[in-house]
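Since this is a predicted model, take the numbers as computed values, not measurements. Proteins come first, then strands; the chains are lettered A, B, ... in the order of their sequence lines, and each starts at number 1. Note that these values count all heavy atoms, side chains included, but never hydrogens, waters or copies made by symmetry.
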Amino acid sequence: MRFNEVESDGDLAWLFTRRACMHCTEAGCVKVCPTKAVFHHDLGFVAYDKDKCTGCGYCVEACPFDVPRLDGSRLTGKAKMNKCIFCIDRVTSGLEPACVKTCPPGALDFGERDAMVAKGQARVAELGGDARLYGEEELDGLHVLYVVNHSLKDHKLPVNPEVSPSVTLWQDILQPVGYGVVGVVAGGLLLNYMVARARMVKAKEGK
Amino acid sequence: MTHHELVKYSRGARWFHWTITIAALVLAVTGLFLYVPAFSSIAEGGITRVIHRVAAVIFVAAPLLFFLAKPGRSLHFVKEIFTWGKDDLAWLKAAPDYYFGGDEKKMPPQGDMNTGQKLWAVVAFFSALGFVFTGIFMWFLKDTLPAEVFDWMVIVHDLCFIVGGAMLLVHLYLGAIHPRMTESLKSMIKGKVSAEYAQSHHGKWYKEITAGEGDAKGTPGGQGEKQAH
Ligand code: HEM
Ligand code: HEM
Ligand code: SF4
Ligand code: SF4
């Protein structure tokens with residue numbers, strides 16, 4: 001939960017922004033997680049299996065929304081990550097997430113994404129002005145949508161959230177390059193062994 | 001028999017080499033569990049990451065201790081591996097045929113470390129620096145570093161892994177498997193090589209250490225130090 005006080009048109013306004021996992025379609029955390037402890041659930045959200053977490057913390061660095069938190073020892077490196085798990089047990093048994101259920105003023109709603117997008121757009125139209133629906137397009141579509149009526153900066157939401165280029169370089173280029181290099185070298189050595197042995201045996205026989 | 005054996009690596013050098021080797025292999029394997037997603041389930045629970053840190057401490061401490069114990073020899077070694085000249089070019093030209101089993105006599109005579117060995121030592125030197133530098137950031141400064149910088153640390157750590165790891169494969173192969181390197185492994189385990197092996201593989205070195213002496217009792221040329229005998 002984040003609470004920001006901003007001034008608009010001479011008035012003070014309080015903006016409450018829920019800051020838990022946005023369940024991105026193009027999710028940095030999923031991309032870097034070595035054990036796939038965070039993964040895309042069939043229902044669309046980004047699920048998290050804590051047992052599989054090694055505590056490497058790569059997801060912490062890769063998330064555009066600064067969501068995952070790492071609890072553990074810095075010295076040994078033993079740790080576990082924490083983030084919103086979309087109440088996976090409730091959701092998969094047909095219930096709404098706990099946050100939706102308990103939010104006193106009913107500010108949160110839960111449902112099929114298309115229906116939620118439609119609802120959000122309707123609300124935006126109603127509010128008019130600067131209001132917009134955040135999360136419809138961002139990162140190929142978030143599974144948490146906001147109707148925001150101030151600037152994104154005031155809501156402390158990134159204007160253009162993106163999986164950083166360094167993550168792409170690391171995961172999509174360096175990883176395969178590593179396999180390629182090791183494969184070529186291992187193959188070369190095997191070839192060298194066979195050729196060198198054969199030629200040395202021949203040279204010996206020749207004598 | 002002693003008459004025909006030359007000391008190539010001193011006891012200290014051999015202990016140092018195998019300590020670093022074990023640390024590096026443990027680091028490589030525990031690192032692999034994070035690098036290769038298919039193996040990463042082994043890292044669940046984080047124990048391999050603890051082992052990576054223990055091995056990293058050994059990997060850093062061993063060279064420091066060796067340096068404190070033998071500063072002169074260490075510096076000489078570093079100087080030697082960074083000294084490159086015309087002879088190295090000749091070696092590089094002749095090497096492919098030689099290593100693919102060609103005529104041994106076409107290979108120019110070598111010092112105690114040939115160009116390839118120096119090359120490996122240089123790569124190992126720089127990748128070790130890279131590993132240690134980036135590793136310290138990844139270990140202790142995870143929450144202080146901006147995300148982008150942290151990613152770059154992992155990227156450089158991985159680059160060292162790819163380059164250093166590939167060259168380690170070559171080193172392991174040449175040291176222990178290549179059909180021509182008959183006494184290489186022995187020299188790193190027992191410390192000595194036969195006079196014949198020294199002549200054919202390290203001709204220049206053989207000449208140096210036997211010059212002016214009636215016998216061929218060795219000096220530990222591996223690290224270039226003259227030993228009283
Ligand atoms: C021969 C030496 C080494 C090798 C082969 C090696 C290899 C690796 C590899 C492959 C990774 C996984 C990176 C990834 O997920 O893509 C890694 C991670 C890591 N390494 Fe190393 N490394 C070495 C030395 C060191 C040293 C000297 C340190 C510390 C001073 C260190 C600290 C770390 C840390 C902190 C990580 C991050 C993962 C974690 O928190 O466990 N490494 N290493
Ligand atoms: C994987 C297992 C390894 C094996 C089987 C191995 C074997 C050997 C052998 C047999 C030699 C003596 C070469 C000769 O004089 O004929 C040697 C030398 C050497 N080793 Fe290793 N080694 C291994 C790992 C390492 C590692 C991990 C490092 C450094 C991080 C390393 C660094 C060196 C250096 C600097 C030399 C001296 C120069 C040279 O021969 O290139 N070795 N090794
Ligand atoms: S908000 Fe962060 S933790 Fe949540 S899915 Fe997106 S990248 Fe992952
Ligand atoms: S900290 Fe856990 S969840 Fe995050 S990337 Fe590492 S293993 Fe995956």
- Item | Check against side chain to side chain contact (heavy atoms under 4.5 Å, CB included), B:Leu169 and A:Leu189 | CA-CA 9 Å; B:Leu169 285 181; A:Leu189 293 180; 4.3 Å; yes

Less than 4.0 Å between a side-chain N and a carboxylate O, is that true for A:Arg199 and B:Asp103? no

Okay, B:Tyr173 and chain A: the region with an atom under 4.5 Å from a heavy atom over there is side chain

Closest non-hydrogen atoms of A:Lys52 and B:Glu44, given as atom of the first, atom of the second and distance, are O-CG, 3.2 Å

Within a radius of less than 6.0 Å around CH2 of B:Trp15, do more than 12 heavy atoms belonging to other residues, nucleotides or ligands occur?
no

For the backbone of A:Thr76 and the side chain of B:Trp139, can you confirm whether one donor and one acceptor N or O come within less than 3.5 Å of each other?
no

| request: Report, as yes or no, whether the 6.0 Å neighbourhood of atom NZ on A:Lys50 holds more than 12 heavy atoms from other residues, nucleotides or ligands. | output: yes

Looking only at A:Leu70, A:Thr54, A:Val185, A:Val184, the option with the highest number of non-hydrogen pairs under 4.5 Å against chain B is A:Thr54

Interface check, chain A: of B:Pro146, B:Ser41, B:Pro37, most non-hydrogen pairs under 4.5 Å belong to B:Pro37

Determine whether a donor-acceptor pair (N or O, by modelled atom type, separation under 3.5 Å) exists between the side chain of B:Tyr99 and the backbone of A:Ala196.
no

The interface call for B:Ile177 against chain A, heavy-atom contacts under 4.5 Å, is both

Q.
Main chain of A:Trp170, side chain of B:Asp158: is a donor-acceptor contact present, judged purely on distance under 3.5 Å?
A. no

| Are more than 12 heavy atoms from other residues, nucleotides or ligands located less than 6.0 Å from atom NZ of A:Lys101? | no

Chain A shares the most heavy-atom pairs under 4.5 Å, among B:Trp152, B:Phe33, B:Tyr35, with B:Tyr35

>> Looking at B:Phe39, I'd like to know if its CZ atom is crowded, meaning that more than 12 non-hydrogen atoms belonging to other residues, nucleotides or ligands lie closer than 6.0 Å.
In response: no

- prompt: Has B:Lys186 got more than 12 heavy atoms of other residues, nucleotides or ligands less than 6.0 Å from its NZ?
  reply: yes

One should read off an interatomic distance between A:Thr35 OG1 and B:Leu34 CG, to the nearest 0.5 angstrom, of 8.5 Å

The reported gap from CG in A:Leu174 to NE2 in B:His157 (rounded to nearest 0.5 angstrom) is 12.0 Å

Okay, B:Phe140 and chain A: the region with an atom under 4.5 Å from a heavy atom over there is both

The interface call for B:Val50 against chain A, heavy-atom contacts under 4.5 Å, is both

Given B:Met167, B:Glu104, B:Lys142, the one with more heavy-atom pairs under 4.5 angstrom with chain A than any other is B:Lys142

Applying a strict 4.5 Å limit to non-hydrogen atoms, the region of B:Leu174 in contact with chain A is neither

Query - Pair B:Asp151-A:Tyr58, side-chain donor/acceptor within less than 3.5 Å - result: no

Next item on the list: Walk me through it: do A:Tyr179 and B:Val36 pass the test side chain to side chain contact (heavy atoms under 4.5 Å, CB included)?
Entry: CA-CA 9 Å; A:Tyr179 301 136; B:Val36 185; 3.7 Å; yes

Between A:Asn192 and B:Phe100, the two heavy atoms sitting closest are CA-CE2, 3.4 Å

Output for pair (A:Cys56 SG, B:Arg49 CZ), nearest 0.5 Å, gives 6.0 Å

Inset, instruction - Report, as yes or no, whether the 6.0 Å neighbourhood of atom CG on A:Asp130 holds more than 12 heavy atoms from other residues, nucleotides or ligands. - result: no

With chain B, the option among A:Arg197, A:Gln175, A:Lys78 that has the most non-hydrogen atom pairs under 4.5 Å is A:Gln175

